[in-house]
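Every chain is numbered from 1, with letters handed out A, B, ... down the list of sequences.
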Protein chains: 2
Amino acid sequence: MKLSKKSDYALRAIIYLSMHYNKGAIQIREISANEKIPQKFLENILLVLRKAGILNSKIGLKGGYELARSPDLITLGEVIRALDGAIAPVDCVSKISYKPCSEEVTCVIRGVMLDIRNAITDVLDRMTFADMCSRVRDSMEKKESNVLTYAI
Amino acid sequence: MKLSKKSDYALRAIIYLSMHYNKGAIQIREISANEKIPQKFLENILLVLRKAGILNSKIGLKGGYELARSPDLITLGEVIRALDGAIAPVDCVSKISYKPCSEEVTCVIRGVMLDIRNAITDVLDRMTFADMCSRVRDSMEKKESNVLTYAI
DNA sequence: TAATTATCTACTAAATTTGTAGAGTTTATA
DNA sequence: TATAAACTCTACAAATTTAGTAGATAATTA
């Protein structure tokens with residue numbers, strides 16, 4: 001039931017981009033340095049997110065990435081699905097990669113897994129990056145710190 | 001966020017043992033055949049469950065495994081933890097394998113992951129194998145089938 | 001004693017995760 | 001229009017985890 005590094009990095013990168021929304025394109029190098037994510041790895045991740053329609057990119061000098069939509073229209077669930085695929089613990093209760101199992105009707109494990117999938121997506125599909133930004137600002141106030149890391 | 005084969009097999013095996021509770025020891029071979037689980041793999045799994053205090057075993061002729069407690073005192077969460085360790089998506093919100101992360105106080109991802117961990121354990125730590133047995137019986141009635149498979 | 005059944009350690013193979021390398025393409029701007 | 005800066009793309013590689021196997025050992029029953 002682990003969150004992959006890929007998704008972890010993706011969430012952090014998008015929080016970073018959300019905190020800098022509407023300030024123009026931001027380079028991979030900057031995100032990588034600030035969030036301490038291996039740059040080459042991050043390249044792959046951001047590419048996937050662009051192809052998923054979550055980010056826009058500009059090539060060339062002064063290029064970089066920015067959100068394709070405002071932070072309140074991007075959910076954590078969307079990002080995690082883009083990178084790791086289905087959130088459901090088993091495919092027979094997955095929306096995006098459904099595969100029937102042998103004894104579906106009588107399978108009682110399936111019922112529980114469906115409950116779990118719903119519990120997880122209730123959180124992830126409701127939570128937007130606008131929410132995440134509010135939380136970052138809240139906790140920064142409390143801490144009276146101005147170090148911007150969204151590290152896990 | 002996947003359920004491992006190990007946990008899947010373990011759940012099925014314990015449902016099988018729960019359905020046969022108080023009928024004496026049951027051999028690995030029987031469970032393996034009925035639930036279509038590779039026997040050698042199942043041996044390892046049941047051994048772990050015994051060491052975790054979930055099963056008792058008897059060696060020798062007419063030996064086998066049985067539940068160490070009644071099915072209503074064993075939860076799915078306990079079984080999954082015994083085999084796969086922590087249920088939490090990241091260690092910094094795990095009860096059984098907690099490790100602090102670098103920026104814990106300001107980490108906003110942590111907050112969400114904590115919500116998810118709680119949502120998952122709410123399901124898994126409440127659900128007992130007595131509940132699972134009721135569900136099996138319910139769905140068997142509905143299906144008017146007498147094939148006993150708890151397959152996923 | 002013989003057959004049966006769990007125990008235990010170690011190993012292997014496959015899949016997945018976590019990266020890295022390097023050549024190519026596009027663009028701003030001097 | 002040259003050049004440096006940035007993303008794009010494909011492929012590879014190392015590390016870790018998952019899934020499964022092998023085979024010898026120990027305990028028990030009849």
J.: How long is the line joining CZ of R29(B) and C1' of dA6(C), in whole Å?
T.: 12 Å

J.: Between R29(A) and E43(A), does at least one N-O distance fall below 4.0 Å, as a salt bridge requires?
T.: no

J.: Would you mind reading off the distance between Y65(A) atom OH and dT26(C) atom P, rounded to a whole angstrom?
T.: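 My rounded result for the distance is 15 Å.
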
J.: Roughly, in whole Å, what's the span from CG in L61(A) to P in dA28(C)?
T.: 9 Å

J.: Rounding to an integer number of Å, can you tell me how far L83(B) CG sits from dA19(D) P?
T.: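 Distance, rounded to whole Å: 11 Å.
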
J.: Can you tell me if Y9(A) touches the phosphate of dG19(C), counting only side-chain N or O atoms and a distance under 4.0 Å to OP1 or OP2?
T.: yes

J.: Between atom NZ in K62(A) and atom P in dA30(C), what is the gap in whole Å?
T.: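 About 8 Å, once rounded to whole Å.
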
J.: Specify the residue among I59(A) and P38(A) whose closest nucleotide of DNA chain C lies further upstream toward the 5′ end.
T.: P38(A)

J.: Assess whether side chain to side chain donor-acceptor pair (under 3.5 Å) is satisfied between N56(B) and Y65(B), documenting all intermediate values.
T.: CA-CA 6 Å; N56(B) 286 333; Y65(B) 280 99; over 6 Å; no

J.: Between R110(B) and D91(B), is the closest basic N to carboxylate O distance under 4.0 Å?
T.: no

J.: CG of L55(B) versus P of dT7(C): gap in Å, rounded?
T.: 10 Å

J.: What is the distance, to the nearest angstrom, from the NZ atom on K2(A) to the P atom on dT16(D)?
T.: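 Atom NZ in K2(A) sits about 15 Å away from atom P in dT16(D).
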
J.: Using a strict 4.0 Å threshold on nitrogen-to-oxygen distance, state whether R81(A) and D125(A) make a salt bridge.
T.: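 Here R81(A) pairs with D125(A) in a salt bridge, since their nearest N and O are under 4.0 Å apart.
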
J.: Kindly indicate, with the supporting measurements, whether the criterion side-chain contact (heavy atoms from CB on, under 4.5 Å) is fulfilled by L124(B) and T75(B).
T.: CA-CA 7 Å; L124(B) 292 181; T75(B) 66; over 6 Å; no

J.: Can you tell me the distance, in whole Å, between the CD atom of E30(B) and the P atom of dA6(C)?
T.: 10 Å

J.: So which of residues 40-53 of chain A are in contact with DNA chain C, with a heavy-atom cut-off of under 4.0 Å?
T.: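 Those residues whose heavy atoms fall under 4.0 Å from DNA chain C, taken from residues 40-53 of chain A in numerical order, are K40(A), F41(A), N44(A).
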
J.: Are R12(B) and D8(B) close enough for a salt bridge, meaning some N to O gap below 4.0 Å?
T.: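 Yes, R12(B) and D8(B) are salt-bridged.
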
J.: Within less than 4.0 Å of OP1 or OP2 of dT7(C), is there a side-chain N or O belonging to S57(B)?
T.: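 True: S57(B) side-chain N/O within range (under 4.0 Å) of dT7(C) OP1/OP2.
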
J.: Regarding R135(A) and D131(A), does a basic nitrogen lie under 4.0 Å from an acidic carboxylate oxygen?
T.: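 Here R135(A) does not pair with D131(A) in a salt bridge, since their nearest N and O are not under 4.0 Å apart.
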
J.: 5'-most contact on DNA chain D: G60(B) or D84(B), nearest heavy atom basis?
T.: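 Its nearest nucleotide being more 5', the pick is D84(B).
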
